[in-house]
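Remember, it's a predicted structure, so these values are computed and weren't measured experimentally.
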Amino acid sequence: MQTPPKDIVEIKREGAVLDILLTDPDHGNLVSNEAGDKIVAALDALDPAVKLIRISSTGHDFCKGRISPMPPPGSVVTGHDIRRRVADPALRVYDAIRHVPVPVMSVVRGAAAGYGCGLVAASDIAIAAEEAVFLIPELERNIPPTLVLTAALGRLPHKAAAWMVMSREPVSAKQACDWGLVSKVVPMAGLQTEVDALSATITGYAPEAVAAVKEYLLYAAGLSGAAAISLAANIAGTALSARFAGPR
């Protein structure tokens, strides 16, 4: 099979929405490390006027993984080399999605496998077509999928994650929704309508309110009652104070 091109990521801005589009359907929208770095750069340079980021794809599948960054067979490499070439590039993408200060929505049709499943897990919201499937197949090649599992931390129950990894079986959109990996499942014919409606709702909110929700959901997980209450008060206070900010 022809090697997929490295730059498959198209970044488009329309109003308060930033779209990240995967554009190589002939190769399953496989993402290279370079394409992943382009996603990270776009999120790092996000315009404060953006209120929503959407990750979607062209063609039948969402993303069937990434172009292998593994060194050629017979190469002499260290653990540091493997981390730099294999682990860190994917983890940078997942971390950027989690920490960008606005919601990230994945729009899924077809297969979201491996790295693609990680993109969905790292996102705040995922809307999937009924035909979508999710899988983590890395153990077939005896690769422990700890990178994808990092993206899924706090977003997929332990037993669900273990099942996906150990069985390598495709998971339906409905099952993924029941587990919390997906927010909502809709018929394929209504997918774009659903995405457009939710996008309009989110972009109608004040930007500081949207950012506050993202921040709280990111940092409140696992906090004790008192710490969660304190965090809620601080974030709400900061967001609400923007309503009364005026010229000095």
Examine V133 and V120 and state if one hydrophobic cluster contains both, with Ile, Leu, Val, Met, Phe, Trp and Tyr joined whenever side-chain heavy atoms are less than 4.5 Å apart. no

Within the structure provided, determine whether F62 and N29 are in side-chain contact (heavy-atom separation under 4.5 Å).
no

Between R66 and L30, the two heavy atoms sitting closest are N-CD2, 4.0 Å

I11 and I20, any side-chain heavy atoms less than 4.5 Å apart: yes

To the nearest 0.5 Å, atom CD1 of I8 lies from atom CG of L22 at 5.0 Å

Connected via hydrophobic side-chain network under 4.5 Å: I125 and I55
no

dist M105:CE -> S56:OG (nearest 0.5 Å) comes out at 10.0 Å

Correct closest heavy-atom pair for L191 and V108 would be CD2-O, 4.1 Å

Between I39 and V93 the two heavy atoms that sit nearest each other are CG2-CG1, 4.4 Å

Correct closest heavy-atom pair for C117 and I136 would be SG-CG1, 4.1 Å

Q) What do you reckon, is NE2 of H99 surrounded by more than 12 foreign heavy atoms closer than 6.0 Å? A) yes

Sorted by chain and number, sequence neighbours left out, ring pair (Phe, Tyr, Trp, His ring centres under 6.0 Å) with Y94 holds for Y115

Trace of the salt bridge (charged side-chain N to carboxylate O under 4.0 Å, His left out) decision for K174 with D178
CA-CA 6 Å; K174 181 182 181 305; D178 290 344; 3.1 Å; yes

| Are V17 and V104 connected, step by step, through hydrophobic side chains (Ile, Leu, Val, Met, Phe, Trp, Tyr) whose heavy atoms are closer than 4.5 Å? | no

Here the gap from D37 atom CG to R92 atom CZ, rounded to the nearest 0.5 Å, amounts to 4.5 Å

Exercise for review: Taking the side chain as every heavy atom from C-beta outward, state whether V86 and I143 have any atom pair closer than 4.5 Å.
Suggested key: no

Report task. Could you walk me through whether L153 and R98 pass side-chain contact (heavy atoms from CB on, under 4.5 Å), step by step? Result -> CA-CA 11 Å; L153 282 176; R98 277 181 173 260; 4.0 Å; yes

So CD1 of I53 and NZ of K214: to nearest 0.5 Å the spacing works out to 7.0 Å

Go through the steps for V171 and L181 under the test side-chain contact (heavy atoms from CB on, under 4.5 Å), then give the verdict.
CA-CA 10 Å; V171 170; L181 181 63; over 6 Å; no

| Around R13, counting heavy atoms of other residues, nucleotides and ligands shown, do more than 12 lie under 6.0 Å from its CZ? | yes

For P103 and D124 the tightest heavy-atom approach is CA-OD2, 3.4 Å

Notebook entry, point to check: In terms of hydrophobic clustering (I, L, V, M, F, W, Y; side-chain heavy atoms under 4.5 Å; direct or indirect links), are V107 and L21 co-clustered?
Noted result: no

Find out whether I235 and Y219 are in side-chain contact, i.e. whether some heavy atom of one side chain is under 4.5 Å from a heavy atom of the other.
-> no

Heavy atoms of D61 and S57 approach each other most closely as O-OG, 3.0 Å

Sorted by chain and number, sequence neighbours left out, side chain to side chain donor-acceptor pair (under 3.5 Å) with D44 holds for none

Would a 4.5 Å heavy-atom cut-off, applied to side chains only, mark Y205 and K51 as touching? no

In terms of hydrophobic clusters joined by side-chain contacts under 4.5 Å, are V213 and V100 together?
-> no

**Request:** Say whether, by atom type as modelled, one donor and one acceptor occur between the side chain of S123 and the main chain of L119 under 3.5 angstrom.
**Result:** yes

Inset, instruction - Quick one: do D196 and T193 satisfy side chain to side chain donor-acceptor pair (under 3.5 Å)? Show the steps, please. - result: CA-CA 5 Å; D196 291 342; T193 299; 5.8 Å; no

Rounded to the nearest 0.5 angstrom, the CZ-CG distance for R155 and L217 is 8.5 Å

### Trace of the side chain to side chain donor-acceptor pair (under 3.5 Å) decision for N33 with R85
CA-CA 8 Å; N33 283 347; R85 295 178 57 160; over 6 Å; no

Review point. Mind checking whether M164 and V148 have side chains closer than 4.5 Å, heavy atoms only?
Key: no

NE2 (H158) and CH2 (W163) are apart, to the nearest 0.5 Å, by 14.0 Å

